[in-house]
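Single-structure report; data block below.
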Amino acid sequence: MLFVSAPPLRAAYPARLSVRPVARPPSLLAVVGAVVAPLVVVYAALYLSAAVARPLSDLGGAGYNALRLIVSVALCLAPLAVWPFRARSYALTAGLTLAALALVNLVHAIEYSELVTIGAIDATLATTGREAREFFRGRGATLALVALGATLSLTAVVAFAGRVPRGLQIPGRVRLTAGALGLAGLAVLVAFPMRLFPISTLKNAVDYLDHQARYQDALAARAGHSFGASSAVAWDEPPVVVLVLGESTRRGALGLYGYHRPTTPELSGLDGLVTFEDAVAAASVTQPSVSMMLSAATPATLADHPEGSWLALAREVGFETVWISNQDRTDGTATALLADDADRVVYTSHSWSASGQLDGDVLPVLDRVLADRTGPLAVVVHLMGAHDDYALRYPDRFARFGHGSYPPARNAALASTERAMIDHYDNAVAYTDWVVAEVFRRAEATGAPAAGVFVSDHGENLYDTPARLRGHGVPGTTAYEIEVPLALWSTPSFRAARPDLVDAAERNRALPVSTADLFWGLADLVGADWSGARAERNPFSPQFQPAPRRVLLPTGDVVDARSLTGEGTSRPDNYARISTSPYVTIPWVPSRSTSR
């Protein structure tokens with residue numbers, strides 16, 4: 001495998017050449033194999049997932065992923081030109097690092113035909129053990145492929161690296177070639193911007209940490225913020241205002257919006273319900289979406305928004321505030337920090353092992369909160385809604401839909417497993433309908449003037465696209481991920497106290513609304529008045545003026561909602577991009593203690 005250098009060279013460089021013999025080609029190939037093996041596994045997964053998800057005639061991904069693989073190989077081998085005497089260490093370190101990064105990217109590639117994004121890092125760090133277990137439930141094929149890929153990667157890395165001698169001198173022509181390949185790879189990357197493994201993953205991780213630091217600065221400014229608000233309403237009786245946050249509930253799956261299945265019989269039967277016909281979420285994942293619902297932040301200003309939340313505003317005008325959640329608490333997330341603005345926080349999901357804990361568990365807690373109130377009350381109820389795994393989101397008595405009874409055109413395009421998945425989803429939506437209606441009924445039963453808002457954080461893909469996407473927050477955001485239900489409910493006594501608000505909502509119901517406008521409507525519901533109030537952004541105001549609706553993508557880009565279609569796209573550069581906003585939603589700061 002190795003040969004000893006000639007005597008004249010030994011005399012000139014005795015120490016170095018005695019321990020670092022020149023490599024024959026097999027040793028160099030071993031270095032290449034250790035570094036390249038994880039890259040091949042990842043890009044093979046990208047290609048195969050694209051081939052399965054799209055007709056081969058429409059693939060276009062084979063050549064693109066082949067180019068990405070070549071450029072990635074060139075960049076990863078370039079350090080050999082800098083570390084000519086550390087080949088074995090580099091092969092082992094780089095190979096194992098790439099193999100570890102490959103595991104995360106394998107899951108993303110298999111499920112979404114794309115590499116990990118900043119949004120994926122955000123969602124992963126905000127994911128609890130329960131959510132992770134539910135994500136992989138029913139994804140045995142994904143787990144098997146990931147295990148196979150990990151085995152192949154690690155085996156190749158160890159086998160190849162083991163063949164590289166401890167001391168190795170790489171010939172100058174090889175070093176020159178490696179350097180040239182690296183420069184060529186960089187040139188291609190500059191000329192044709194593309195997301196490469198592992199470059200994009202490492203860059204996203206660095207950007208994510210940088211964004212967290214920026215967000216902590218914003219939090220410091222937010223901590224001392226005061227709206228300077230006062231109450232603009234003289235309530236005859238202390239009111240009850242409830243915001244119900246649904247999860248992953250797409251507008252098109254609700255009977256309220258014309259869905260062919262009766263998934264919302266309870267809400268449809270409520271008196272005093274105003275349904276907004278064209279509402280879109282400001283983001284396709286929970287953390288930024290909820291942040292923009294409950295604050296004055298927009299997709300363009302989310303990372304640096306210094307003001308407090310709706311709960312802080314409600315407290316300023318005399319409301320007791322409570323946050324009830326059936327989602328696991330993850331300290332440091334945006335939703336946990338928003339919850340900490342409340343006077344009292346209660347989580348009905350106490351452990352990651354409580355998989356499938358139902359949203360109905362929030363109702364006894366709400367009953368106690370309503371019974372204990374002594375004045376105006378503002379409550380946020382955060383549900384698990386229709387989040388994957390859908391089959392865990394409803395009790396047996398709500399297993400109403402089955403056997404794939406869809407319109408003929410839709411039915412013909414679905415596999416039996418896909419029809420079963422949509423059945424589970426629709427059952428979860430039906431159960432959410434019952435829970436939301438119960439929340440409103442129990443608020444009404446107090447006899448106080450009561451109002452409620454039901455909205456989902458984002459929607460969901462359900463095999464609607466040529467790529468057969470399911471889920472949300474995926475590369476190539478579709479319209480199905482941002483089209484959400486939005487409804488205002490009120491009792492007769494609340495409508496008597498605030499006829500202007502309810503009448504304006506009724507008039508505005510057909511206008512285009514963003515969930516980033518909701519903060520201003522919620523502020524109006526609690527009667528808050530302050531110098532920064534913006535009636536033109538309040539969908540419950542006669543002065544409401546629809547504005548272009550922006551959406552924050554998982555990539556960090558901010559786009560016009562109209563550019564997101566039902567087809568989706570495989571790469572974010574196909575969007576009508578407006579600007580880039582740091583995708584920051586998880587500040588790593590200590591949270592205050594909460595009641596449980």
Side-chain angles (χ1 to χ4, degrees), residues 241-246 249-284 289 292-293 296 298-299 429 432-433 436-437 440 451-460 464 477-492 494-496 498-525 533-551 559-566 576:
V241 177
V242 183
L243 168 64
V244 184
L245 294 174
T249 305
R250 55 190 258 164
R251 185 201 310 157
L254 274 68
L256 279 172
Y257 290 92
Y259 189 47
H260 71 282
R261 284 176 157 176
T263 54
T264 53
E266 302 296 331
L267 287 173
S268 297
L270 285 182
D271 181 44
L273 192 75
V274 178
T275 304
F276 285 81
E277 300 170 7
D278 184 14
V280 299
S284 63
S289 179
M292 288 182 279
M293 287 183 194
T298 67
V429 171
T432 297
D433 165 66
V436 175
F440 292 162
V453 171
F454 169 54
V455 65
S456 182
D457 54 356
H458 51 75
E460 188 87 341
D464 311 275
T477 304
T478 70
Y480 303 106
E481 294 176 67
I482 63 168
E483 293 175 348
V484 294
L486 173 61
L488 171 67
W489 165 84
S490 59
T491 62
F494 188 94
R495 295 194 291 274
R498 300 295 309 276
D500 53 336
L501 182 150
V502 179
D503 290 345
E506 185 68 44
R507 287 194 298 272
N508 295 336
R509 65 186 306 164
L511 298 179
V513 177
S514 167
T515 56
D517 298 326
L518 189 57
F519 168 78
W520 308 98
L522 293 171
D524 198 4
L525 281 177
R534 296 181 58 183
E536 75 278 6
R537 288 194 58 192
N538 174 8
F540 309 152
S541 168
Q543 286 79 47
F544 177 62
Q545 295 293 326
R549 296 178 292 180
R550 310 307 189 200
V551 178
V559 304
D560 192 305
R562 293 172 298 181
S563 69
L564 303 181
T565 68

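Keep in mind the model is a prediction, meaning the values are calculated, not measured.
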Steps toward side-chain contact (heavy atoms from CB on, under 4.5 Å) verdict (V453, L522): CA-CA 8 Å; V453 171; L522 293 171; 4.1 Å; yes

Partner set under salt bridge (charged side-chain N to carboxylate O under 4.0 Å, His left out) for R534, not counting sequence neighbours: E536

Sequence neighbours excluded, the answer for side-chain contact (heavy atoms from CB on, under 4.5 Å) partners of A253 is R250, Y425, D426, V429

Drop me the distance from L511's CG to E277's CD, to the nearest 0.5 angstrom. 9.0 Å

With sequence neighbours left out, the residues meeting side-chain hydrogen bond (donor to acceptor under 3.5 Å, both in side chains) with T491 are S493

Got a sec, which residues hit salt bridge (charged side-chain N to carboxylate O under 4.0 Å, His left out) with D433, two or more places apart in sequence or on another chain? none

For residues P262 and P265, report the shortest heavy-atom separation together with the two atoms involved. O-CD, 3.4 Å

So the side-chain hydrogen bond (donor to acceptor under 3.5 Å, both in side chains) pairs with at least one residue in residues 539-549 (sequence neighbours excluded) are D278-R549, S541-Q543

Might you point out which heavy atoms bring M292 and A283 nearest each other, and give the distance in Å? CE-CB, 3.9 Å

Looking only at heavy atoms, the pair that brings G255 and T264 closest together is N-OG1, 3.2 Å

Of all heavy-atom pairs linking V484 and A281, the shortest is CG2-N, 3.9 Å

Worked verdict on T298 versus R537 for side-chain contact (heavy atoms from CB on, under 4.5 Å): CA-CA 12 Å; T298 67; R537 288 194 58 192; 3.7 Å; yes

Under the ring pair (Phe, Tyr, Trp, His ring centres under 6.0 Å) test, residues paired with F276 that sit two or more places apart: F540

